[in-house]
Every structure is written in structure tokens, then in C-alpha cells.
Amino acid sequence: MSAKISNLDNKIKPSGTMAISNKARELRAEGKSVVSFGAGEPDFPTPEYIVEDVKKAASDPINHKYSPAAGLEGLRNEISRTTKEYSKFEVDPSNIVVTNGGKQAILTAFLSVLDAEDEVIVPCPFWTTYPESVKIAGGNPVYLETTKENGFKFTVSDLEALKTNKTKLLIWCSPSNPTGVVYSKEEAEEIYSWAFESNIWIMSDELYEHLVYEGENTPSPAIYDPELKNTIVVNGVSKAYAMTGWRVGWIIANSEVIGLSKKIQSQATSNVSNLSQIAAESALSNGLDVTNEMKIAFNRRREYAINKINSIKDIGVENSVGAFYLFIDVRSYCNGSIDGINSSNDFCDFLLENYFIAFVPGEAFGAPGFMRLSYALSDDELEDGLNRLDKAINDLNV
Ligand code: PLP
């Protein structure tokens, strides 16, 4: 018998979105033509000008060495400039820590503000990493249920009902992964006031800020909290610039939080790869043209997919105006009326095994009865995959 591993093993789950991508990959390796709606990343390559800047930087010996743990000065200056331009609040470069993707930014932010047993309000459906990183940081996720009927949105009275003297942080993600829901300015302002008055942190995940197709984007809580007394913003280049593999994100917070985040970063990883940081700096300094081109393609696919899905019997999607996800209501097919299908997990397995279409089941996001579709795939694949879904459901109805 080997020595014992940490109890964390009983507490945290592997990424639900990665599980379905792996299964789809296995089927492809067996020669099956799988359409995967699982991807949480743009299907476009990183723009060539970014790659060229990195090629040049790779031959400069200065980039072969350690650099400051908080991030390269040039990148932090660009983050500060673009935050003001796009997110409409000011941040000094010294209040930024560059991390290995938005994912590490979230974990480091939690490690910086949570103590053991602190409660974190996690609105459902949630991005699959949130509760697990709360647990890694020693906190307790407290789930806030929302319903499709309420547009997957929560209000201050929902928050009040969950608040205890241990509530430390609220997770905020608008546009949302997995629903694509975007809160209005008025809705957001009420929630921010509640958090500020309750002296609770808001961790605002703004990775999808550039991907809103209808109406206005949600204003950042940092606009209303210029000293960042209750606000931590997480952002990154993964989604907006097709740079998921480069692994660059960042935390914006007050000096106390940033001081601790820097300590954690310096002990955990030191600096993010210099070349990746240079790639991110190139992305930010070259503007949003490339993002806006991707956005046109995403919006075309979004409109196509919503129309197609809503024409299929007893499934539906609504209110999805941001990010690149649709959260499809498949409750009619998960209630045991079909042999062997008792959950959205079963339904997604059935679709993958029989029709070779991969969706992420709602269980991965704390919302059984639904499944997530990513429309970050080619128009042809989208059409092919949704035709297969249509056929699957027709077959079930005969
Ligand atoms: N936040 C949300 C809502 C996401 O969907 C993702 C990725 O899927 C991330 C953060 C993390 O992005 P990354 O670590 O690739 O920068």
C-alpha cells in the first residue's frame, strides 16, 4: 500500500467540459465522425501578427530569463490602458497580476481572500471550475439556484436568502458561461449595491466582455468601486483573441489583495512564460479588429443555432446573447420516459454514442436537465451537428 494522498481528492471533481472533449477525441481516434459542441474556445487560429511578434521575441535572450512574478511591465501597461478603454475603469499597472490564464487568476484570487469555511455564493448554472477552485482555496461553495423561467438570473432577494455571517464572496460572470445570459445595467447595479453594502467580495469574471451580440454589455462592478474595496476583476486574452493555448489571464484588485496574489504567484509559478506575455501584449496593443471579425461569425452561428434548436420538438433555448454558448432545455427527454435516459448526463451519452454529437451535460454546470452547446465551431459542422440532433429527436419521437 502506498502513502496516503490528500483528502482534497474526495472534495474536488475533474473538469466536466474536459471529460466530454476527451470522450469525443476517443471516438474520433476510432474513426467516427464526431461533431463536438463541447469546445470552450474559438475555432480560429491566433492572429498572425501576434505569432510574428513572438517569433522575434523568442530570439532575444532577455526573454529566456526569469522576469517579475507579477508580469512584464509592457503587458501590465497595456492591460491598464485597455481596461480603461474597454471596461471603463482605471487601474494602475501595480494593481495587476498576470497569471497562467483566467483559470489561475480565479484560483489565486480565491486563495487571496478566502479563509477556511468561508462561504462563496456560486450562482447556478456555473462555469464548472468555480466551485472546485473555491474548495481548493478552502472555502465552501453555496449554490444559488436560478431557473430558465427567470432567464437564469438571480436578484438581491435570492442573495439575501443565502447570506450568512460566513458569506465572503459572490461569483459574478456576465456574459455567462454556460448560458450566454447578460445582465442589464440596472440588474447588475442592484446586485453590486447589495455586495458593497454587505461588505462581500465580488469576483467579476470578465473573460467574455467583448462577446455580446444584442443590447449592452454589463458594466463592471469596478466602475462603481474605484478603490476596489469589494471588487476583484479577472480577465484574459483566451476568448477575445483566440489565444486559449497561450495561457495568459490577470487579476485586478486593490493593493492588499494584489500583494498577497503576488506572493502566491511568486511561490507557485513565478512569472508566466515571457513569450506568452509578449503574445498577450501584442494582442492588446493591436486592437479589437480580429475580435470583431470573430464576433460576426459567432453571431451568425448563434442566430442559426437558436432558430434550428427552437424548431426541434420539445427542446428550446432563450436569452442567450453573449459568450459563445447556448444552454439547451432538454428536460422533456431526461425524465425517464425514454428507456435508459434518466438525466441530461444519460441524454448526452446517448447523443454522443449513437449520433456522434458531443454536448456538455447540465450536471457539469449544476443545472441538470440542460446541455451546453458551444457555437465556436465551423458553420458546416454546426449545421451537420444540429441536423443530427434533429434526427436523434425525431427518431426518439417515432
Ligand atoms: N472564465 C470563464 C467563464 C471561462 O469560460 C473560462 C474558460 O473556459 C475561463 C474563465 C478561463 O479561461 P482561461 O484560463 O483559458 O484564460
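The residues of the chain are indexed from 1 along the displayed sequence. All values derive from a computational prediction rather than experimental measurement. Just so you know, ligand 1 is whichever comes first in the structure, and atom 1 is the first atom listed for that ligand.
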- Would you say T244 and ligand 1 have an N/O pair spaced under 3.5 Å apart? no

- Item | Under 3.5 Å donor-acceptor, N254 side chain and V257 backbone | yes

- Task: Can you sort out which atoms of ligand 1 are near Y208, meaning under 4.0 Å from one of its heavy atoms?
- Result: 2 (C), 3 (C), 4 (C), 5 (O), 8 (O)

- Task: Quick one: do D43 and R301 satisfy salt bridge (Lys or Arg N to Asp or Glu O under 4.0 Å)? Show the steps, please.
- Result: CA-CA 12 Å; D43 55 314; R301 298 170 190 169; 3.1 Å; yes

- Task: Go through ligand 1 atom by atom and flag the ones less than 4.0 Å from a non-hydrogen atom of S238.
- Result: 13 (P), 15 (O), 16 (O)

- Message: Could you go through S176 and T179, starting from their C-alpha distance and side-chain angles, then the distance that decides it, and tell me whether this counts as side-chain hydrogen bond (donor to acceptor under 3.5 Å, both in side chains)?
- Response: CA-CA 6 Å; S176 151; T179 59; 2.9 Å; yes

- for atom 12 (O) of ligand 1, nearest protein heavy atom and its distance come out as L207 CD2, 3.4 Å

- Task: Could you check atom 2 (C) of ligand 1 against the protein and tell me its nearest heavy-atom contact, residue, atom and distance included?
- Result: D205 OD2, 3.3 Å

- Of V237, V248, V98, the residue whose pairing with I79 passes side chain to side chain contact (heavy atoms under 4.5 Å, CB included): V98

- Check if G102 has a non-hydrogen atom at a distance under 4.0 Å from any atom of ligand 1. yes

- Mode of C173 contact toward ligand 1 - side chain, backbone, both, neither (heavy atoms, under 4.0 Å): side chain

- Which atom pair, heavy atoms only, marks the closest approach of S67 to Q277? OG-NE2, 4.2 Å

- Task: May I ask whether Y130 has any heavy atom positioned less than 4.0 angstrom from an atom of ligand 1?
- Result: yes

- Query: Between Y325 and ligand 1, is there a nitrogen or oxygen pair with a distance under 3.5 Å?
  - Reply: no

- Message: Tell me the protein heavy atom at minimum distance from atom 7 (C) of ligand 1, and give that distance in Å.
- Response: K239 NZ, 2.8 Å

- Message: Can you tell whether the side chains of K135 and E119 come within less than 4.0 Å, N to carboxylate O?
- Response: no

- Query: Above 12 or not: heavy atoms from other molecules or residues under 6.0 Å from CD of E256?
  - Reply: no

- Note on the structure: re atom 15 (O) of ligand 1, the protein heavy-atom contact at minimum distance is R247 NH1, 2.8 Å

- Numbered in order shown, the ligand 1 atoms found under 4.0 Å of a heavy atom of G101 are 14 (O), 16 (O)

- Message: What I want to know is whether N100 and ligand 1 share at least one N or O pair that is separated by under 3.5 angstrom.
- Response: no

- Item | Carboxylate-amine/guanidinium contact E26 K23, below 4.0 Å | no

- Message: Taking a cutoff of less than 4.0 Å between a non-hydrogen atom of the residue and any ligand atom, is E41 in contact with ligand 1?
- Response: no

- Proximity of Q104 to ligand 1 by residue part, where a heavy atom lies under 4.0 Å: neither

- Message: Please say yes or no: joined through hydrophobic side-chain contacts below 4.5 Å, possibly via intermediate residues, are L377 and V34 part of one cluster?
- Response: no

- List the closest protein heavy-atom neighbour of atom 9 (C) of ligand 1: residue, atom name, distance to the nearest 0.1 Å. W127 CH2, 3.3 Å

- Message: Going by the rule side-chain hydrogen bond (donor to acceptor under 3.5 Å, both in side chains), which residues pair with N387 if we only count those two or more places apart in sequence or in a different chain?
- Response: K308

